[in-house]
Amino acid sequence: MSDRDLLPGERLDHYVNDGPFDPYEVEKLTPQQERYYRASEWRIMWWRFCRHRVALWSGVFLLLVYASVVICEFVAPYNLHSRDIQHIFAPPQTLHFFHEGEFIGPFVYGFDTEMDMENLQRVYKPNPDKVQPLRFFCRGDPYKFWGQVDADLHLFCPAERGTAFLFGTDRLGRDMMSRIIYGARISLTIGLIAVAISFVLGVVIGGAAGYFGGFIDALTLRSIEIIRSFPEIPLFMTLSALLPVTWSPIGVFAGISIIIGFLEWPGLARAVRAKILSLREEDFTTAAQLMGASPARIIGRHLLPSFTSHLIASVTLSIPTAILGETALSYLGIGLRAPVTSWGVVLNEAQDITVVAVFPWLLLPVVPLFLVVLAFNFLGDGLRDAADPYK
Amino acid sequence: MLSYFARRLLVMIPTLLVISLVVFVIIQLPPGDYLETLIGEMQAQGENVDPARIAFLRQQYGLDKPMIEQYWVWLFGLLHGDLGYSFEFELPVVEVIGDRFWFTALLALSTTLFTYVVSFPIGIYSAVRQYSIGDYAATFIGYFGLAMPNFLFALVLLYYANVWFDLSIGGLMDPKYLDAPWSLEKVGSVISHLWIPMIVIGTSGTAAMIRRLRANMLDELQKQYVVTARAKGLSPVKAIVKYPLRMSLNHFISDIGQILPAVISGAALVSIVMDLPTNGPLLLRSLQSQDMFLAGAFLMFEAVLVVIGVFISDVLLAMLDPRIRLGEGATK
């Protein structure tokens, strides 16, 4: 190697580098870049999802709610059916921590009850002398865990011979908080079951329509159009009113889930159809066809996995519709019926506006309903944004 | 344009026929025929059943004939404005319903208009000023409307109206006009009562509409022709209104097909809660007593309303966007 400029026609000195050949030497990746480029698609989606803070927290919130649904007997301070006839329509008891400037942990003031003879109504006054500290991990109302195992352990319960109606009580003297916690179990599972049904229907019907096209496609589109022509709630109402009154609560539960599931599939089917319509023109589909794979295998094995993430997002977004549908039906009294307790059934007590004006805490199930629906929407939005990680 | 119009009108006929078939099947779902139920009930209450009347009804509605023929009788009646017989009220369905259809249509129409009038400026604003305070406020309202079931919203609103203003909201007009003939004052009374259910029902639709319009506008605003327009020195208003807005208007109009069923659904629930003289409360009652001709009439009417709404939106779209009426492009 010489430092001077080469003359025209002069040859370079022979030079061999002893080091191993590295084709990427020029464009070295930083560790961060390497981590990103080597990550799997799902990992990148996860990173994208985590950037959507609200969606992440909504997901955590929903996980917590569903976890409490599994052990709702333990979380609720009272048994679902236990009635306190001394406390009918009792207002919510406020949770305090300090009694006369002294910290004694969470407690409530017990009620003094008197009868207002003018309005024929019980009046409850918190009595500052009745300090009733809450107990934690305590023995309280007996219950059957999942209807199978006898137990009486609660997360928290009222003081001995005291009360703890943090959300008030209803017309039978049942604790609203416990009813809301138990109601979550039914309301939230019915959403999942209904959406599972509509998912299966939507994927099968939409997949077939998109893959085969022609007559099947036209038929599917027509049916979707017909179903979409009926306003949702009146149709839900009509079909669920047709469920025989003689059915057991479990039968009605199944019936309502099936009705909601059967009427929710068109949206998903449309999305699946549109995706499959474009994917079936891809080379890998032709390859699979030439290798003799059956349509079911091609759709399920080759086409669907290409947009699983989109499917998950749209399924998440359709769960709240199902939950709201059930609530509306039960609220009107043509969905689930007592003794099955869902949020709609609990809200059923708040039919009359005069009742609501006097006992506004009967409207409290609206709060968890609102939060859960909102969380599902945020989560769904986050998942949808994350579904296309390379965009 | 005319041929598209005619073609679109013809497509509606089979759709409506299938819808009527579905409704008829739903009417037939409860076991037994109504007259049997009716006779049973009347006998249980010790009342006398007039065999002549039963026979007349049976013949009038063809209940003694096979299913297909019953369907034809019902469909034929439908086309002549005879919606069947309400066995609970012992009146023809048409008389039981009275003005309810018109109030339902009025409520649906005004709610849809409300949705459009409110969401149009907000949607454009939050797209043009993305991530501004106004945009966040609109997003917040959007999520609120999405998550709040509107019948519960009505209930909460009624509660606060009661607490704050000592106001009882309900009905669609002042009680004194209930049986009065139509007059200007009555119309005024209806209008002054209409806005509360309108807002309650419209919130969720408005929310969804704002989100969609914003998304569509944002897509359009990023396209190159907008950049070109700006670079050419077009005024900002013109660079937004003249091209991107017209493009996203398409989605806006085709949304009627989604908004209308939602509005009618919401109206049914809200009417029950607020006791409005629309379809909702009577539908619920007819369902509870399994008075299926009445329920079927409501279902049929609401489906027809949706089909007509979608038809109007399609025609509007074709008028606005030449690409659609030129045939095959529509089925993309």
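Within every chain, numbering begins at 1; the chains are lettered A, B, ... in the order of the sequence lines, protein sequences first and strands thereafter. The analysis underlying the following values was restricted to heavy atoms, covering all of them including side chains, and did not include hydrogens, waters or symmetry mates.
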Highest number of heavy-atom pairs under 4.5 Å with chain A: which of B/Ser265, B/Pro261, B/Gly266?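 Max contact count across the listed options: B/Ser265.
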
Structural part of [X] lying under 4.5 Å from a heavy atom of chain B:
| X | value |
| --- | --- |
| A/Phe236 | neither |
| A/Ser240 | neither |
| A/Leu363 | side chain |
| A/Leu277 | neither |
| A/Pro234 | both |
| A/Ile334 | side chain |

Counting heavy-atom pairs under 4.5 Å with chain B, which one of A/Leu324, A/Asn377, A/Thr238, A/Val366 comes out on top?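 Result: the option with the highest number of such pairs is A/Thr238.
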
Considering only distance and modelled atom types, tabulate donor-acceptor pairs under 3.5 Å from the side chains of residues 58-66 of chain A, sequence neighbours left out.
| residue | atom | partner | partner atom | Å |
| --- | --- | --- | --- | --- |
| A/Ser58 | OG | A/Val54 | O | 2.8 |
| A/Tyr66 | OH | A/Leu188 | O | 3.2 |

Chain B contacts: which residues in residues 222-232 of chain A have a non-hydrogen atom closer than 4.5 Å to it? A/Arg222, A/Glu225, A/Ile226, A/Arg228, A/Ser229, A/Phe230, A/Pro231, A/Glu232

Heavy-atom cut-off 4.5 Å, strictly under: side chain, backbone, both or neither for [X] against chain A?
| X | value |
| --- | --- |
| B/Ile272 | side chain |
| B/Val273 | side chain |
| B/Phe298 | neither |
| B/Ile26 | both |
| B/Val22 | side chain |

